[in-house]
Structures are given as structure tokens and as C-alpha cells.
Amino acid sequence: MVFTGAGVSAESGLRTFRDSDGLWEEYRIEEVATPEAWHRDPAKVLRFYDLRREQVLAAQPNAAHHAIASLQAHFEVEVVTQNIDDLHERAGTTRVLHLHGEVLKARSTVDPTLVVPLNRPSLALGDRCPLGSQLRPHIVWFGEEVPLIPEAAALIAQADHLIVVGTSLAVYPAAGLIHYLPRSAPMYLIDPNDVEVARGGTHHIKEKASVGMPALASSLIAQLSGR
Ligand code: APR
């Protein structure tokens with residue numbers, strides 16, 4: 001299992017949220033990433049995600065995304081990501097679960113299961129779903145349910161190894177997923193900074209993702225496929 005956050009895409013030019021130059025230093029969550037913000041000023045919320053969508057469309061997967069994809073040739077790999085970009089998929093990873101939504105998709109405001117692809121930078125007021133309702137970004141906002149948590153927990157509970165890359169583990173319920181990992185399974189954390197991890201025996205690789213992930217992938221491939 002690979003569990004990723006914004007840090008895995010930082011070297012692709014996509015800002016993280018809580019680092020010194022993070023998005024939440026510049027934007028107020030209450031104004032752009034809550035259902036209340038959407039009801040108060042939908043145009044402002046749409047502008048915020050248009051900008052992020054533009055950045056995602058212009059970004060490329062980095063060495064960390066490619067290293068994760070390369071593991072698939074040797075192991076069964078599942079990625080659970082908090083990221084709304086499609087860089088894991090563009091690097092060739094086939095099984096990716098997006099806990100917090102996908103910025104290249106839009107969702108109906110009357111039927112949340114009605115999700116449509118959005119391969120253009122802008123989503124505007126007046127863009128309607130097939131049922132005629134205003135489309136909103138297909139993002140899980142603060143204060144909203146995270147419907148894929150049970151599926152992600154079930155996957156992590158079956159894992160032989162867990163690799164955590166580029167997440168501050170500050171946002172719940174996603175951060176709680178590490179506790180579903182079987183006690184016997186090793187957990188690796190790749191992050192150049194300190195991260196509070198409430199799980200003993202975690203191997204913290206204090207490197208940027210583009211360095212730490214290829215190195216770990218090679219050593220796991222050598223170690224495990226040698227059996
Ligand atoms: N390589 C690896 N890790 C990095 C790198 C890098 N190049 N650069 C930064 N990091 C690490 C930081 O040290 C930090 O621990 O990535 C982490 C990013 O943490 P956050 O900004 O909090 O992002 P994330 O954990 O993904 O946020 C979780 O919060 O804002 C919401 O919905 C949003 O999905 C997001 C959730």
C-alpha cells in the first residue's frame with residue numbers, strides 16, 4: 001500500500017497546504033474549501049479550483065510517482081491518495097483511490113454520485129449536470145463525509161507493507177488510516193521534515209519524495225523479489 005499526500009506532488013510544482021509556502025498560508029479554508037463557502041460565494045470557490053486545475057494540467061509526474069508505478073511490475077500495488085491531481089495515474093499507476101476527490105472531475109449538486117470528467121481548466125457558474133443542477137468541483141471539502149474511508153481502511157488492513165509519502169498526517173479521518181495496518185507489517189514514511197506519527201517502529205526516510213521513493217522502491221524490489 002502507498003498512502004500519499006501533497007508532498008509527493010510538491011516537486012511537480014503543486015504546492016502543499018501546510019508548509020511555509022503552503023496554500024493555506026495564502027487562502028482561508030473557510031472561504032474556498034467548505035460547503036458554507038460554496039453557498040456563500042460559489043464564484044470564489046470555482047476560481048480557486050480553476051487555478052489548481054490549471055496547475056495540475058500543466059504539471060508532470062516526478063520520480064516519486066514513477067517509482068511507485070514501477071513497483072507494479074513486482075508487487076500488487078494499491079495507492080490511496082489525499083491528492084486531487086492525476087499524477088499517479090499519469091505515471092502509470094493503475095489502482096489509485098482518491099480520498100479527497102479529483103480536480104479533473106465535476107459533480108452534480110443534486111446527485112453526488114453523478115460525476116463527470118472535466119478536461120478543461122475552467123468550471124463556471126451555469127455549467128450544469130445532466131439533471132440540470134449547477135456542477136461543483138468533485139472535491140471533498142472540510143466538514144463533508146469522506147465516503148471512501150471504509151474502502152481505504154479495508155485495503156490497508158490487508159497490506160504487507162505501507163509506504164507513506166508526503167503527508168503531514170494532520171487531517172482526519174485520512175490520517176487515522178495508518179492504524180488499520182496489521183501490527184506485523186512494516187511502515188515507511190518518506191518526508192524531509194518531522195511528522196508526528198502515532199505508530200511505533202516507523203522507518204522515517206528523511207528525504208524528498210523524488211529521492212526517497214526511488215531508493216526505497218529499489219531496495220524493496222531487491223529485498224522482496226529476491227525471496
Ligand atoms: N517530498 C516529500 N514530502 C514533502 C515534500 C517533498 N518534496 N515537500 C513537502 N513534503 C511534506 C511536508 O513536510 C508535509 O509533511 O509533505 C507534507 C505535506 O503536508 P500537508 O501540506 O499538510 O498536505 P497533506 O498532508 O496532503 O494534507 C492533507 O489536507 O488541506 C487538506 O484536503 C487537503 O488532502 C489535503 C489534506
Side-chain angles (χ1 to χ4, degrees), residues 1-38 45 48-49 51-53 55-56 59-68 79-88 91 96-105 107 136-149 152 156 162-178 187-199 202-217:
M1 285 295 312
V2 187
F3 179 41
T4 66
V8 79
S9 296
E11 295 160 87
S12 295
L14 303 179
R15 290 163 67 184
T16 65
F17 297 93
R18 292 172 189 81
D19 285 310
S20 53
D21 61 346
L23 280 166
W24 299 146
E25 297 299 314
E26 186 181 344
Y27 297 91
R28 289 168 46 81
I29 288 174
E30 302 78 14
E31 291 177 4
V32 293
T34 63
E36 294 76 21
W38 173 250
V45 173
F48 174 69
Y49 287 100
L51 183 62
R52 299 194 54 207
R53 196 172 302 111
Q55 291 160 352
V56 167
Q60 293 299 328
N62 63 53
H65 298 105
H66 289 296
I68 292 165
V79 170
V80 168
T81 187
Q82 298 166 86
N83 298 345
I84 62 174
D85 64 57
D86 65 338
L87 298 181
H88 283 301
V96 184
L97 189 155
H98 288 267
L99 285 173
H100 295 158
E102 300 174 69
V103 77
L104 297 181
K105 295 181 179 174
R107 185 200 303 171
R136 58 164 272 182
H138 179 50
I139 305 290
V140 177
W141 287 323
F142 287 89
E144 291 189 315
E145 289 289 314
V146 186
L148 294 176
I149 284 285
I156 290 185
L162 176 63
I163 306 172
V164 178
V165 192
T167 174
S168 59
L169 294 174
V171 174
Y172 285 77
L177 286 170
I178 65 169
M187 175 170 141
Y188 305 89
L189 174 80
I190 300 174
D191 197 307
N193 302 309
D194 288 327
V195 177
E196 226 176 284
V197 187
R199 187 180 195 268
T202 298
H203 309 277
H204 187 173
I205 300 167
K206 271 201 153 183
E207 296 279 3
K208 290 188 169 189
S210 69
V211 174
M213 191 59 234
L216 178 60

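Counting starts at 1 for both ligands and their atoms, in listed order. A quick note: this is a predicted structure, and the numbers were derived from the prediction, not measured.
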Tell me which protein heavy atom sits closest to [atom], plus the residue, atom name and distance to 0.1 Å.
atom	value
atom 30 (O) of ligand 1	W24 NE1, 2.8 Å
atom 32 (O) of ligand 1	H100 ND1, 3.5 Å
atom 10 (N) of ligand 1	G7 CA, 3.7 Å
atom 8 (N) of ligand 1	A10 CB, 3.9 Å
atom 28 (C) of ligand 1	Q82 OE1, 3.3 Å
atom 9 (C) of ligand 1	D19 OD2, 3.3 Å
atom 35 (C) of ligand 1	F17 CE1, 3.6 Å
atom 26 (O) of ligand 1	A6 N, 2.8 Å

Practice task
Of the side chain and backbone of F142, name the one, both, or neither that has a heavy atom under 4.0 Å from an atom of ligand 1.
Solution key: side chain
Handout entry: ligand 1-proximal atoms of V171, by part, heavy-atom distance under 4.0 Å
Key = side chain
Handout entry: H204 side-chain N/O to D191 backbone N/O, donor-acceptor pair under 3.5 Å
Key = yes
Exercise for the section: Measure from the side-chain N and O atoms of R107 to the backbone N and O of I139, and report whether any donor-acceptor pair falls under 3.5 Å. Expected result: yes
Handout entry: contact_flag P192 ligand 1 heavy-atom lt 4.0 Å
Key = yes
Do [X] and [Y] have side chains that get closer than 4.5 Å, going by heavy atoms?
X	Y	answer
L216	H203	no
R136	W141	yes
V140	L148	no
M213	I163	yes
I178	I156	no

Fill in the blank from the handout: d(T81 OG1, H100 NE2) to nearest 0.5 Å is 9.0 Å
Exercise for the section: Find the distance between CG (D86) and NZ (K105) and round it off to the nearest 0.5 Å. Expected result: 9.5 Å
Candidate with minimal heavy-atom separation from [atom], of [options]:
atom	options	value
atom 29 (O) of ligand 1	K208, R18, E11	R18
atom 24 (P) of ligand 1	N83, T167, N62, T81	T167
atom 14 (C) of ligand 1	N193, V195, D191	D191

Problem - Contact check: I190 vs ligand 1, nitrogen or oxygen atoms, below 3.5 angstrom - result: no
Exercise for the section: Return a yes/no value for A209: is any of its N or O atoms, backbone included, closer than 3.5 angstrom to an N or O of ligand 1? Expected result: yes
Practice task
Classify the ring geometry between H88 and H65 as parallel (under 30°), tilted (30 to 60°) or perpendicular (over 60°).
Solution key: perpendicular
Handout entry: Aromatic plane relationship, F48 with Y27 - under 30° parallel, 30 to 60° tilted, over 60° perpendicular
Key = perpendicular
Taking only heavy atoms of [X] into account, list the atoms of ligand 1 that are under 4.0 Å away from them.
X	answer
G5	26 (O)
G166	3 (N), 16 (O), 17 (C), 18 (C)
T16	21 (O)

Handout entry: S210-N62 side chain donor-acceptor pair, cut-off 3.5 Å
Key = no
